[in-house]
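Residue numbering restarts at 1 for every chain, and letters A, B, ... go by the order of the sequence lines.
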Amino acid sequence: MSEIYRVFRIEKVIAETDRVKSFVFDGKLESRPGQFVMAWLPGVGERPMSIANDEPFTLTIANRGFVTNRMHALKEGDRLWVRGPYGNWFRLQGKKIVLVAGGTGLAPMRFLIKEAAKQGIETCVFMGARTKAALLARPPCPTIVATDDGSEGFKGFVTGALEAHVAREKPDCVYACGPERMMADVLHICERAGIPCQLSLERYMRCGFGVCGACAIDGFLVCRHGPVFTSEAVKRMADFGKFARDASGKRIPV
Amino acid sequence: MELCGVRLPNPTVLCSGYLGVSAGSLAMCARAGAGAVASKSCSLAAKRGHELPAVIYWDNIVMNAVGLSNPGVEETVAELREYKRMSQVPLIASVFADSPENFAAVAVKISEAAPDIIELNLSCPHAAKGDIVFADSPEAAAEVVNRVKSEVKMPVFAKLSPNVRNIAAIAKACVDAGADGITAVNTLGPGMRIDIQARKPVLGNKFGGVSGPAIKPIALRCVYEIARAVDVPIIGMGGIRTGEDAVEFIMAGASAVGVGSALIWHGLGAFRTISDGIDRFMREHGYSKIEEMRLEE
């Protein structure tokens, strides 16, 4: 009988902010930047999580509900059950790229930064958060920071500083993960500059492998056709930047 | 081929529960080659469903305990109307409720979306009768069919559960009450899977309906027994992955075949793989119509 889950043991817990923790596990998960896993805490529940690193396998988890709250109580030596990886991944292209991360959207970007560095691609990161206290640790590459309240870096949305940078530096591709309205701004900026972009979308997910339909956005399944979509695909999604669905399937504003 | 006067481009049908939440995902299945698509079962009020994990698979087994999540019939009508604008492929609207009266109410409401067929998901609890589902009892199933048929004009299919002693008797009761067709079968069980490292059941709901190729022999026997008891079209389903699997169901008495778990292993290509496989078998053996391929008895 085949196993459904792989069991990882936590080697290190890093408190990133008061509501975000990174969990470093005791092994490698063969995966690509942008892919996700379904992380299960037996007896509690299961949630989709972006992979923040393949080796050592790392997840960066925001405490934003019942299940992730219980995950935050996990300590070094505790176990987490994982199925996946699922979904597609960011395609690295060109010599110079820009990464845009809002909040815990930085998680898959950390993995992408590692891969870009391996390939000698020049990488610049724009990261945003509500406040200085909500900022995750800065990545090991040139980074521009913005906070909604101006307590660190630029005041305002991270996309505020992006447009001028993109016009000046003309990167080969822009990659983004974060709140959907932020990504809608990234899309528009890239469209105006004529630069391709790849966006990692989030929707309520149930199965993770493309059959339940819970994560459908127009004619795309976020778990199977995504979570990473090119600007061409995103432009065909009427719901992008506007509507998501809750667990019942009801359309709700993003 | 035709199902109660509804013209299907081929005999494959997307099973209710798979990819049927949104207009976009139903249309995606239609584009991929489904002969008809069944929407996810909806009820009068919205339901969030069970805690995850809710869908798991291993070997040739699928287990789900989604918990009939749906946004309610009102939202579903809007979604199905949108589907009708997007696709010509026939639409089967699946509904469920906790009483015969509510079945009729949700069927009346869903008919505003003008589905080609209404499918009654009878594998849901009968509130007034405690521990049974409608599909467990010929009387309860017939009462639902009777109520719904007196209120709606489109063909009504009763979807039956394999978890009964005499499925032919249930099918006959439904047809006698006016059902225009039978869908068989819903999931087997429920079943259970335990993670021995965790010492916990895997599904959030502990138990879940079992489907996939593992249940095909049981589904096939159910379709065979139903076909001998009633004279209405049957949509046969249960672990169909290939054209040959589908031909088995057709020989047992099915007019159309459901595609569900095959999507896990073969993706959306499953519709064409199965319908092309049926065509090829018919060509190679000189059959020109589905109805010619019944068992020799």
Per-residue contact mode, [X] against chain A (heavy atom under 4.5 angstrom):
X        : value
B/Glu82  : neither
B/Arg199 : neither
B/Glu75  : side chain

For [range], give me every residue with a non-hydrogen atom less than 4.5 Å from any non-hydrogen atom of chain B.
range                       : result
residues 43-73 of chain A   : A/Gly43, A/Val44, A/Gly45, A/Glu46, A/Arg47, A/Phe66, A/Val67
residues 184-195 of chain A : none
residues 236-254 of chain A : A/Arg245, A/Asp246, A/Ala247, A/Ser248, A/Gly249, A/Lys250, A/Arg251

Q.
Report, in residue-number order, which members of residues 59-66 of chain B are under 4.5 Å from chain A by heavy-atom distance.
A.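 Residues B/Asp59, B/Val66 are the ones that qualify, each having a heavy atom under 4.5 Å from chain A.
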
Q.
Does any part of the side chain of B/Ser94, heavy atoms only, come nearer than 4.5 Å to the side chain of B/Asn121, both counted from C-beta?
A. yes

**Q.** Contact leader toward chain A among B/Lys47, B/Met86, B/Lys206, B/Arg193, where contacts are heavy-atom pairs under 4.5 Å
**A.** B/Arg193

Q | Max heavy-atom pair count under 4.5 Å with chain A, selected residue of B/Lys40, B/Met28, B/Arg31 | A |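 Among B/Lys40, B/Met28, B/Arg31, the one with the most close pairs to chain A is B/Met28.
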
Q. Picking from A/Ala216, A/Gly208, A/Gly210, A/Cys212, which has the most non-hydrogen pairs under 4.5 angstrom with chain B?
A.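 When all of A/Ala216, A/Gly208, A/Gly210, A/Cys212 are compared, A/Cys212 has the most.
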
Q) Given a strict heavy-atom distance threshold of 4.5 Å, which part of A/Val211 is in contact with chain B: side chain, backbone, both, or neither? A)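 It is both, since atoms from each part get that close.
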
Q: Against chain B, label A/Met205 side chain, backbone, both or neither, depending on which of its atoms sit under 4.5 Å from a heavy atom there.
A: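 For A/Met205, the contact with chain B is made by the backbone alone.
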
Q | A/Glu3 and A/Arg6 ion-paired at < 4.0 Å | A | no

Q. Yes or no on salt bridge (Lys or Arg N to Asp or Glu O under 4.0 Å) for B/Lys216 and B/Asp245, after CA distance, side-chain angles and deciding distance?
A. CA-CA 9 Å; B/Lys216 202 192 94 188; B/Asp245 290 339; 3.0 Å; yes

Q) Which atom names give the shortest non-hydrogen contact between B/Val55 and B/Leu203, and what distance separates them? A) N-CD2, 4.3 Å

Q | A/Phe229 ring center near A/Phe220 ring center (under 6.0 Å) | A | yes

Q) Parallel, tilted or perpendicular for A/Trp40 and A/Trp81, by the 30°/60° rule? A) perpendicular

